[in-house]
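This chain uses plain numbering: 1 for the first residue, then up along the sequence. Just so it is clear, the structure is predicted and the values come from calculations on it, not from any experiment.
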Amino acid sequence: MKKMIAVAIVSTLLVLLSLYAVNAVIVGQQKSKQREISHTLLRYSEDLSQSVALALKSITTQGCDKSSLDSYRQIKLDSLYFGDIGFIENGKIVCTAFWGKLATPVALPTELHKTPRGFLLAQFSRKDFFTGNAAIYNNIIIFTSRYAYDKFTPITASYSLSATTKDLGRTFFTTAPELTQQSWLHSKLFTLTLTRCSAFWDLCVIVTHHDAGLASLPPFIFALLAVILYFIWVAITLFIFRLYEDRFSLERTLIKAVLTNTISVNYQPIIRIHDQKIVGVEVLSRWRDQKQGDVSPELFIPLIKKIGLYKKYYCNIIEKSLSEIAPLAIKHQLIVSLNVGRKEIEDGQFIHVLQRVCMANHLPLSLVKVELSEKAVSSADILEGFCQELKALGVKISIDDFGVQNSNLARLSLLEYDEIKIDKSLVDGISEHYKQNIFVIFSDALAKLNKTLVFEGVENEIQYRFIADRYPDALIQGWYFSKSLTRSELAKRLTGVACSAE
């Protein structure tokens with residue numbers, strides 16, 4: 001129950017984050033359109049301002065005589081922007097192109113806005129005369145047509161548009177969608193406002209998108225998107241929880257396996273080429289989890305190191321493997337190979353444990369071989385001292401996985417060792433012509449060191465024959481001869497059952 005509540009909470013939070021991301025994508029696209037609208041509106045407003053300013057400055061006639069009124073009327077007819085043109089005297093409009101000479105002059109509004117360029121802006125709200133905006137210069141007044149911004153009306157289903165002075169003190173034009181047309185998700189959260197101002201005129205335009213982002217989607221689409229996202233995140237969250245539980249469960253069972261010494265060992269036969277005889281075995285860890293089945297050593301060994309039980313693990317493996325294999329090793333004079341990494345080299349306890357276990361099982365140290373992996377990089381002094389101490393006890397030393405990582409022939413000259421194990425990655429190259437040449441050059445150079453060569457991962461006839469023809473004194477191991485065996489399977493193989501190549 002707690003797990004399902006946690007999954008529901010996490011999934012809900014992830015759905016909200018996903019919706020936020022989707023909203024950001026939609027808003028990004030809508031901002032592009034909003035910028036386009038604001039640019040068009042600003043350019044149009046600038047053109048209108050430019051037209052009014054030029055007209056005001058170009059009118060030279062003053063007064064209300066017939067000639068002046070005819071001039072006003074002609075200018076009005078020439079521009080679609082102008083609603084009317086009039087003359088001001090003593091703060092009152094005394095005549096206009098449309099009304100002619102007024103019987104009762106119309107007083108100017110008390111609040112006039114003066115622009116940096118010297119124009120006065122007025123706003124009228126007299127239905128019996130004029131409703132809208134006007135510009136004044138040198139006693140001439142031009143009324144802006146109330147239809148000047150009609151071209152922007154079709155786009156106002158989702159947008160509010162306005163044109164104002166920079167201090168927002170005077171509005172030239174404004175339009176907004178009706179409330180019934182606004183989105184089902186209308187709120188400030190989904191409202192985008194963009195303001196753009198003119199560099200030449202006392203003019204700014206404001207474009208407001210009222211149903212931006214997710215609010216622009218139909219309710220059905222929004223609901224469907226939310227449901228789909230929820231199911232996706234529930235599935236992903238359950239999967240992640242399952243992985244975490246499996247990992248946690250794996251760690252718990254692995255801890256138990258190490259502490260109870262239930263990790264088993266197998267033995268990979270090492271074959272002498274010239275007589276195809278088993279002359280040694282490599283000890284390999286095997287662990288089977290009840291839930292996960294067989295778990296790869298490449299997974300569980302790093303996990304053991306992570307949880308801090310590696311020393312306990314390798315001591316158990318040494319004791320279990322040598323106690324099992326000692327009778328067979330003594331009887332058949334098998335060399336038992338143990339893989340050693342950085343932990344064993346540097347903790348100072350490995351050699352002591354090895355001596356104690358061999359003595360307890362009457363296994364001569366001369367029948368033990370330690371395989372030092374090149375991956376287990378240690379300081380030169382510690383590594384050299386480790387090898388010298390092993391050699392002094394009669395333990396054989398093999399350089400494992402040679403050919404990968406930091407393979408270094410110069411470094412080999414500093415160590416005491418008996419054999420070199422050539423990595424499977426190089427053996428695999430035998431089947432490819434250009435890699436085969438590299439393999440030969442590499443192996444020939446190692447053969448000149450007068451150390452035993454062991455070829456790992458020999459899996460087919462071609463690889464075996466190629467190695468056998470060139471290096472008849474070498475050793476091999478791999479599935480071509482045998483997979484890793486349990487102690488009982490190895491005993492049967494040593495007694496002569498299926499000891500030939502498979």
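- With sequence neighbours left out, the disulfide bond (SG atoms under 2.5 Å apart) criterion links Cys387 to no other residue.
- Residues passing the salt bridge (Lys or Arg N to Asp or Glu O under 4.0 Å) test with Glu344: none are found, sequence neighbours excluded.
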What verdict does the side chain to side chain donor-acceptor pair (under 3.5 Å) test give for Asp289 and Thr253, after you've listed the backbone C-alpha separation in whole Å, the side-chain angles of each residue and the deciding distance to 0.1 Å?
CA-CA 7 Å; Asp289 180 61; Thr253 53; 3.1 Å; yes
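- In this model, a donor atom of one side chain and an acceptor atom of the other lie less than 3.5 Å apart for Ser198 and Glu46.
- For Arg286 against Pro297, the heavy-atom pair with the smallest separation is NH1-CG, 3.7 Å.
- Between Asp294 and Arg288, at least one side-chain N (NZ, or NE/NH1/NH2) sits under 4.0 Å from a carboxylate O, which counts as a salt bridge.
- A salt bridge links Asp428 with Lys424: the closest approach of a Lys/Arg side-chain nitrogen to an acidic carboxylate oxygen falls below 4.0 angstrom.
- When the shell of 6.0 Å around CD of Glu461 is examined, it contains more than 12 heavy atoms from other residues, nucleotides or ligands.
- The neighbour count for Leu13 CG, taken as heavy atoms of other residues, nucleotides or ligands under 6.0 Å away, is above 12.
- Between the Gln34 side chain and the Leu192 main chain, a donor and an acceptor come within less than 3.5 Å of each other.
- For the side chain to side chain contact (heavy atoms under 4.5 Å, CB included) criterion with Thr165, the lone passing option out of Thr115, Thr171, Leu121 is Leu121.
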Go through Ser443 and Phe455 one step at a time and tell me if the side-chain contact (heavy atoms from CB on, under 4.5 Å) criterion holds.
CA-CA 10 Å; Ser443 300; Phe455 294 91; 3.7 Å; yes
Could you walk me through whether Asp444 and Lys448 pass the salt bridge (Lys or Arg N to Asp or Glu O under 4.0 Å) check?
CA-CA 7 Å; Asp444 284 352; Lys448 293 178 182 178; over 6 Å; no
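- Counting heavy atoms of neighbouring residues, nucleotides and ligands inside a 6.0 Å radius, atom CG of Leu259 exceeds 12 of them.
- In this structure, the side chain of Arg117 engages the main chain of Phe200 through a donor-acceptor pair within 3.5 Å.
- Annotation: side chain to side chain donor-acceptor pair (under 3.5 Å) contacts involving residues 87-105, sequence neighbours excluded, comprise Asp84-Thr96.
- Distance alone, capped at 3.5 Å, places no donor-acceptor pair between the Ser51 side chain and the Leu48 backbone.
- For Ala135 against Val52, the heavy-atom pair with the smallest separation is CB-CG1, 3.6 Å.
- No side-chain heavy atom of Leu194 sits under 4.5 Å from any side-chain heavy atom of Lys31.
- At distances below 3.5 Å, not a single donor-acceptor pair connects side-chain atoms of Gln123 with backbone N or O atoms of Phe172.
- Shortest non-hydrogen contact noted between Cys204 and Thr195 is CB-CG2, 4.4 Å.
- Residues Asn339 and Glu371 approach most closely at OD1-OE1, 3.2 Å, considering heavy atoms.
- Lys76 meets the side-chain hydrogen bond (donor to acceptor under 3.5 Å, both in side chains) test with no other residue; sequence neighbours excluded.
- For Asn316 against Val258, the heavy-atom pair with the smallest separation is ND2-O, 2.9 Å.
- Taking every heavy atom of both residues into account, Leu203 and Ser45 meet most closely at CD2-CB, 3.4 Å.
- In this structure, the side chain of Glu282 does not engage the main chain of Leu338 through any donor-acceptor pair within 3.5 Å.
- Classified by interplanar angle (parallel below 30°, tilted 30° to 60°, perpendicular above 60°), the ring pair Phe466/Phe439 is tilted.
- In this structure, Gln463 contributes its side chain and Glu459 its backbone to a donor-acceptor pair below 3.5 Å.
- A distance of 6.0 Å or more separates the ring centres of Phe82 and Phe143.
- Counting only heavy atoms from C-beta outward, the side chains of Thr174 and Leu161 never approach each other to under 4.5 Å.
- Under 3.5 Å, the side chains of Ser264 and Trp287 contain no donor-acceptor pair of N or O atoms.
- Judged by distance alone, the side chains of Asp347 and Tyr314 do bring a donor and an acceptor atom under 3.5 Å apart.
- Distance alone, capped at 3.5 Å, places no donor-acceptor pair between the Asp423 side chain and the Leu426 backbone.
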Cut-off 3.5 Å, no hydrogens considered: what does the side-chain donor-acceptor table look like for residues 298-305, sequence neighbours left out?
none

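- A salt bridge does not link Arg43 to Asp47: none of the charged side-chain nitrogens sits closer than 4.0 Å to a carboxylate oxygen.
- Judged by distance alone, with hydrogens and angles left aside, the side-chain atoms of Arg196 form no donor-acceptor pair with the main-chain N or O of Ser38 at under 3.5 Å.
- Below 30°, between 30° and 60°, or above 60°: for Tyr149 and Phe173 the angle between ring planes is below 30°, a parallel geometry.
- The line from CG of Leu17 to CG of Leu229 is 11.0 Å long, rounded to the nearest 0.5 Å.
- Between Phe350 and Phe386, the ring-plane angle classifies as tilted under the 30° and 60° cut-offs.
- Between Phe119 and Leu56 there is a side-chain heavy-atom pair separated by less than 4.5 Å.
- A donor-acceptor contact closer than 3.5 angstrom is absent between the side chains of Asp70 and Ser67.
- Below 30°, between 30° and 60°, or above 60°: for His209 and Tyr159 the angle between ring planes is above 60°, a perpendicular geometry.
- A distance-only check finds no donor-acceptor pair linking the side chain of Ser484 to the backbone of Asn266 [under 3.5 Å].
- Note on residues 50-127: pairs passing disulfide (SG to SG under 2.5 Å), not counting sequence neighbours, are Cys64-Cys95.
- With no hydrogens or angles considered, a side-chain donor-acceptor pair links Lys421 and Gln477 at under 3.5 Å.
- Tyr44 has its ring centre less than 6.0 Å from the ring centre of Tyr81.
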